[in-house]
Amino acid sequence: MNKTYITIAGIRHRVEANWNAITSYLTSRGKDSLEGLSDISKLSPSELAPLMAACINEGNRLDGNDTRVTSEELGESCGLSQITEFVTAFCQQTTPQLPTDAEKKE
């Protein structure tokens, strides 16, 4: 699996949308349901920033980097291009890759 990085305010951060990141996001929002994450385009900016922070913090952890970002920091330093990169990475990482018919026959 390829690692995905985005650069925010000149700092390169790994994005990792795994179970640790998702549960961290849910905890930060006081939620106990995955409702809303199936269609990330419907998340408000106040919901998207904590999800982005959780995924970046998990990516940093996996890279052995103890740097943490907050949703407030992201709100101040992210532009549309970084948000688009994050949403793309999140969708790619959370969408199951099912084998094609040719791969099933191998």
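Atoms considered below: every heavy atom in the structure, side chains included; atoms not considered: hydrogens, waters and symmetry mates. For this chain, numbers begin at 1 and follow the sequence in order.
- Under the 3.5 Å distance criterion, the side-chain polar atoms of Asn57 are matched with a main-chain donor or acceptor of Val69.
- In this structure Ser77 satisfies the side chain to side chain contact (heavy atoms under 4.5 Å, CB included) test together with Ile8, Ala9, sequence neighbours excluded.
- Cluster annotation: Leu80 and Ile11 are assigned to distinct hydrophobic clusters (Ile/Leu/Val/Met/Phe/Trp/Tyr, side-chain heavy-atom contacts under 4.5 Å, transitive).
- For Leu43, the side chain to side chain contact (heavy atoms under 4.5 Å, CB included) criterion is met by Tyr25, Leu37, Ile40, Glu47, Leu48, Leu51, not counting sequence neighbours.
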| request: List the steps and the verdict of side-chain contact (heavy atoms from CB on, under 4.5 Å) for Lys3 and Asp63. | output: CA-CA 10 Å; Lys3 296 177 184 178; Asp63 273 353; 3.9 Å; yes
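- Between Cys91 atom SG and Phe86 atom CZ the span is 8.5 Å, to the nearest 0.5 Å.
- In this structure, the separation between CZ on Arg14 and CG on Asn60 is 9.5 Å, given to the nearest 0.5 Å.
- Side-chain atoms of Asp32 and Leu26, non-hydrogen and from C-beta on, never get closer than 4.5 Å to each other.
- Every residue meeting the side chain to side chain contact (heavy atoms under 4.5 Å, CB included) condition with Asp39, not counting sequence neighbours, appears here in chain and number order: Ser41, Lys42.
- For Pro50 against Ser28, the heavy-atom pair with the smallest separation is CB-OG, 4.0 Å.
- Partners of Glu58 according to the side-chain hydrogen bond (donor to acceptor under 3.5 Å, both in side chains) rule, which considers only residues two or more places apart in sequence or in another chain, are Asn18, Asn20, Arg61.
- Smallest separation of non-hydrogen atoms from Ala21 and Ala54: O-CB, 3.4 Å.
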| message | Before you tell me yes or no, could you show the steps for Ile83 and Leu74 under side-chain contact (heavy atoms from CB on, under 4.5 Å), namely the whole-Å CA-CA distance, both residues' side-chain angles and the distance that decides it to 0.1 Å? | response | CA-CA 9 Å; Ile83 294 167; Leu74 293 175; over 6 Å; no
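- Annotation: side chain to side chain contact (heavy atoms under 4.5 Å, CB included) contacts of Ala89 (sequence neighbours excluded): Thr4, Val15, Gln93.
- Counting all heavy atoms, side chain and backbone alike, Cys78 lies closest to Met52 at SG-CE, 3.5 Å.
- In this structure, OH on Tyr5 lies 12.5 Å from CD1 on Ile56, to the nearest 0.5 angstrom.
- Residue pairs meeting the salt bridge (Lys or Arg N to Asp or Glu O under 4.0 Å) criterion with at least one partner in residues 68-86, sequence neighbours excluded, are absent.
- Taken to the nearest 0.5 Å, the NE2 atom of His13 stands 13.0 Å off from the SG atom of Cys55.
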